[in-house]
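The first residue in the sequence is number 1, and the count goes up from there. These figures come from a predicted structure and were not determined experimentally.
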Amino acid sequence: MIDLGINGVVLRIKDKSLGDVGEISAFGKTLIDWVGGAFGAPFKTIEHSQVIDCCEKLRAAVDRTRPITVVLYCDTPLVTSKTVAAAVKQLRESGQNMLKLPRGFVFKTEHLFEVNSLYLEAPVVSDHEFATVSDGEALSRISDAMRRRILRFHSSNGVRITDFYNTYIDCDVVLGAGVTIEPYNFIKGKTVIKSGATIMPGNYIENCIINSGARIDSSRLYNSVIGERTKVGPFAYIRPDTVIGSDCRIGDYVELKNCVIGAGCKVSHLSYVGDAELGDECNVGCGVVFANYDGKNKYRSIVGKRVFIGSNANIVAPVVIADRSFIAAGSTITKAVPEQALAIARARQSVIPDWQGNMYAPPSAAKTEPRGAFNLVQYDNGIIDASSSGNADKRGDGDI
């Protein structure tokens, strides 16, 4: 950590191809913030120019009571606080007024108020730590070095990262010892992953809390909390403001949004739960939809404990479903369901015998066949279809 007796100044650079270089984001911070972190203290920024004297801008930016001023460029995000501390120490011990870095300067602050002009020119860059973001290729190369620094830090603290080439973790992510990170993961923002969690391949996780023992597989998670030992995915979509309890199962192609899922719940596949609260140990069948939007407003559904919701049910909010109730498959629920009740809301099934309108199945041989004999045929391109027997030989390979 650098002491507070220094002025930190970052020079902003504009590039024709990259624009404002300092505002480029990499792994959760702008390049200005990456460089500013090397000071270990508050810093200021000024515009850099190779043709306009920067002396007056520097004087206006610094606190004259601080004896040392360090000037760095925003296009060197790999510079570290250790390097800056060593340079400050060297200046203090040498008795010089200025020390030139590979890409930056260390001044005695009084020296800035004694000189009449000060043009800060870019020196030849040779040191890796002061590598410069000069174009898109350089940005990619330097970003990769930053990424590896982050991975090395976590790996040295007990995180099991199985593939350094295909893992991307932002600088503010917190990972507990014993976390396993498999390949092709993007972990962003202020995410916290606690010890014992496993992040399987192919996830995008942003601003989430993932508790111990959880397992996340090939899914998208945003601004949510995942409980202990809960399994998510593959291909789940956890949208913001969702809280999932412990020992839950959130399966493939499930979408959750702004909801609370109690401990031990199962939402196994192909369902949407939005703006809802589910009690402990509920089961949500395949294809269930919580209809929370009427085209203008969104409403909330409340589901009690140990509720079973059968496949292909529609829960039309606002509605309350009490503890231990059972929703029959295919029902559309629009009214409250009391405790321990069975709710069935289906149209009555009707059966019409000997229906002649099914073009994909032949009618009874005993019936009149005004359209000819229909058979399933397979065409040259592999499509299976129905055709009259008179056209099948011309269009397909024959009956199947």
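Checking side-chain atoms of N157 against main-chain N and O of A177 turns up no donor-acceptor pair under 3.5 Å. At least one donor-acceptor pair under 3.5 Å links the side chain of T230 to the backbone N or O of D247. Of the possible donor and acceptor atoms, none in the side chain of S81 sits under 3.5 Å from a partner among the backbone N and O of G37. Checked by atom type and distance alone, the side chain of T30 never pairs as donor or acceptor with a backbone atom of E23 at under 3.5 Å. S246 contributes no side-chain N or O that, together with a main-chain N or O of E228, makes up a donor-acceptor pair within less than 3.5 Å. In this structure, the side chain of S218 engages the main chain of P201 through a donor-acceptor pair within 3.5 Å. Of the possible donor and acceptor atoms, none in the side chain of D20 sits under 3.5 Å from a partner among the backbone N and O of K14. Judged by distance alone, the side chain of T191 and the main-chain N or O of K188 form a donor-acceptor pair under 3.5 Å. With W34 contributing its side chain and M146 its backbone, the two residues share no donor-acceptor pair below 3.5 Å. Remark: the backbone N or O of E182 is paired with a side-chain donor or acceptor of N185 at under 3.5 angstrom.
Under a hydrophobic clustering in which Ile, Leu, Val, Met, Phe, Trp and Tyr are joined whenever their side-chain heavy atoms come within less than 4.5 Å, directly or via other members, I199 and L151 fall into the same cluster. Under the 4.5 Å side-chain contact rule for hydrophobic residues, I209 and I169 do not share a cluster. The hydrophobic cluster containing V159 does not contain V174, counting ILVMFWY residues as joined when their side-chain heavy atoms lie under 4.5 angstrom apart, directly or transitively. Y184 and V173 fall into different hydrophobic clusters, where Ile, Leu, Val, Met, Phe, Trp and Tyr residues are linked whenever their side-chain heavy atoms come under 4.5 Å apart, directly or through other members. Residues I205 and M200 do not share a hydrophobic cluster, clusters being chains of Ile/Leu/Val/Met/Phe/Trp/Tyr side chains in contact below 4.5 Å.
Grouping Ile, Leu, Val, Met, Phe, Trp and Tyr by side-chain contacts under 4.5 Å, direct or through others, puts Y272 with V289. V115 shares a hydrophobic cluster with no other residue; no ILVMFWY side chain has heavy atoms under 4.5 Å from its own. Cluster partners of F235, using a side-chain heavy-atom cutoff of under 4.5 Å among ILVMFWY residues and allowing indirect links, are Y253, L270.
Seen from the ring of Y165, R148 counts as a face-on cation partner, given the 6.0 Å and 45° thresholds. Figure legend: R147 and Y168 shown as a cation-pi pair, the cationic atom lying under 6.0 angstrom from the six-membered ring centre and within 45 degrees of its axis.
Here the NZ atom belonging to K257 is positioned 3.5 Å from the NZ atom belonging to K298, to the nearest 0.5 angstrom. Atoms OG1 and CD, on T45 and E47 in that order, are 7.5 Å from each other to the nearest 0.5 Å. Taking CG of N207 as the start and CG of N223 as the end, the distance is 5.0 Å to the nearest 0.5 Å. Summarising the geometry, atom OG1 belonging to T132 is positioned 9.0 Å from atom CD1 belonging to I13; distances are rounded to the nearest 0.5 Å. The distance from the CD atom of E93 to the CG atom of L91 is 10.0 Å, given to the nearest 0.5 Å. In this structure, I187 CD1 and I193 CD1 are separated by 4.0 Å, a value rounded to the nearest 0.5 Å.
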So N211 and K194, side-chain hydrogen bond (donor to acceptor under 3.5 Å, both in side chains) or not? Walk me through it. CA-CA 5 Å; N211 283 287; K194 297 184 180 180; 3.1 Å; yes
Test V337 against V307 for side chain to side chain contact (heavy atoms under 4.5 Å, CB included), laying out the working first. CA-CA 11 Å; V337 179; V307 172; over 6 Å; no
Salt bridge (Lys or Arg N to Asp or Glu O under 4.0 Å) for R64 and E110? Distances and angles first, verdict last. CA-CA 7 Å; R64 194 166 182 174; E110 283 301 322; 3.1 Å; yes
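Between Y222 and Y204, the ring centre distance stays below 6.0 Å.
If you check the side chains of T198 and T180, you find no donor sitting under 3.5 Å from an acceptor. Remark: the N7 side chain and the D63 side chain contain no N/O donor-acceptor pair separated by less than 3.5 Å. Counting only N and O atoms by type, the side chains of N97 and K108 include no donor and acceptor under 3.5 Å apart.
Within 6.0 Å of CZ on R215 lie no more than 12 heavy atoms contributed by other residues, nucleotides or ligands. In this structure, R346 places its CZ atom where more than 12 heavy-atom neighbours from other residues, nucleotides or ligands lie under 6.0 Å away. By the 6.0 Å contact criterion, NZ on K305 is open, its count of non-hydrogen atoms from other residues, nucleotides or ligands being 12 or less. The number of heavy-atom neighbours closer than 6.0 Å to CD of E137, taken from other residues, nucleotides and ligands shown, is 12 or below. Within a 6.0 Å sphere centred on CZ of F153, other residues, nucleotides and ligands contribute 12 heavy atoms or fewer. Crowding of K57 atom NZ: a count of heavy atoms from other residues, nucleotides or ligands under 6.0 Å exceeding 12. In R306, the CZ atom is not crowded: 12 or fewer heavy atoms of neighbouring residues, nucleotides or ligands sit closer than 6.0 Å.
Of all heavy-atom pairs between I32 and C74, the closest is CG1-CB, 3.9 Å.
Under the 30°/60° scheme for interplanar angles, the aromatic rings of F107 and H111 are found to lie parallel.
Side chains of E255 and R239 form a contact here, defined as non-hydrogen atoms less than 4.5 Å apart.
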